[in-house]
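The basis for the numbers below is simple: all heavy atoms, side chains too, and nothing from hydrogens, waters or symmetry mates.
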Amino acid sequence: NMPYSISEPLFLKLIKERKHMFDLAVMVLSESFVKKMTAPINSPLFGLVSALFMSFYSVEVIAALPKELINPPPRVVSLCVRIVPKASAPQKDRAGFIMQRVFLYDNKKLKNILLETLWDYGHELAGRKLTKKDADSFIEEIFGKDFKQLLGKRVADFSNDDFNNIVSSLLQWSSRLQV
């Protein structure tokens, strides 16, 4: 258990550094943070935290804890959750792998992150080595032609709608590959 106020900064640091990996964590967190962690796409709560947890962790709510079990009793509802890191393997979960890369390099423009990812991991993601032209076509295949404005933005500047659009596009693309 930890102070609820550091939950978000702690996980953002763990994700960014990727040094302090763990196999499993069972934690007591505030209900409001757990809702952000587990918010589905198109939910008003879906944003950076939701996208990051969807990309990097599996989260399961184990139980709601009565306030009197915690001393001193918190002012908010507490939930016990199980958190398991997801493996980073492009050939097993292409969409998840791309999302991880996008969120790890949030000071870069989305297009640059995607191009670097496709050049470095083109064979695993597309089945062949990709040229810049191939990578551009691949990005258009995933996100469509109307995505140009978002490609020029830095991930750190994305709105909740931007995160929603990126994650939705990647998941739709990934599901088309599995059919």
(request) Specify the closest pair of heavy atoms between Val81 and Ile62, including all atoms of both residues, with the distance to one decimal. (result) C-CD1, 4.0 Å
(request) Just jot down the salt bridge (charged side-chain N to carboxylate O under 4.0 Å, His left out) partners of Glu116, sequence neighbours excluded, or say none. (result) Lys108
(request) State the CZ-CE distance between Phe11 and Met37, to the nearest 0.5 angstrom. (result) 5.5 Å
(message) Could you see if Phe33 belongs to whatever hydrophobic cluster contains Leu79? Use Ile, Leu, Val, Met, Phe, Trp, Tyr and a side-chain cutoff under 4.5 Å.
(response) yes
(request) Please tell me if the side chains of Phe97 and Thr117 come closer than 4.5 Å, counting only heavy atoms from C-beta onward. (result) yes
(request) Establish, from distance only, whether the side-chain atoms of Thr131 and Asp134 form a donor-acceptor pair under 3.5 Å. (result) yes
(request) Can you measure from CG (Leu29) to CD1 (Ile83) and round to the nearest 0.5 angstrom? (result) 5.5 Å
(message) What's the separation between atom CZ in Arg101 and atom OH in Tyr121, rounded to the nearest 0.5 Å?
(response) 5.0 Å
(request) Calculate, to the nearest 0.5 Å, the distance between atoms CG and CZ belonging to Leu150 and Phe163 respectively. (result) 9.5 Å
(message) For the OG atom of Ser169 and the CD1 atom of Ile98, what is their distance to the nearest 0.5 Å?
(response) 11.0 Å
(message) Donor-acceptor check, side chain of Glu60 to backbone of Arg82, threshold 3.5 angstrom: yes or no?
(response) no
(request) Would you mind reporting whether Lys86 and Ser58 have side-chain heavy atoms less than 4.5 Å apart? (result) yes
(message) Check this for me: does any side-chain nitrogen of one of Lys111 and Asp136 sit under 4.0 Å from a carboxylate oxygen of the other?
(response) yes
(message) I need the full list of side chain to side chain donor-acceptor pair (under 3.5 Å) pairs touching residues 34-45, with sequence neighbours left out, sorted by first then second residue.
(response) Glu8-Lys36, Asn42-Asn164
(message) Pairing donors with acceptors under 3.5 angstrom, does anything connect the side chains of Ser32 and Tyr4?
(response) no
(message) Applying side-chain contact (heavy atoms from CB on, under 4.5 Å) to Val155 and Asp162, what does each step give before you reach the verdict?
(response) CA-CA 9 Å; Val155 176; Asp162 294 338; over 6 Å; no
(message) What's the separation between atom CG in Leu65 and atom OG in Ser78, rounded to the nearest 0.5 Å?
(response) 6.0 Å
(request) Could you list the residues that satisfy salt bridge (charged side-chain N to carboxylate O under 4.0 Å, His left out) with Lys109, not counting sequence neighbours? (result) none
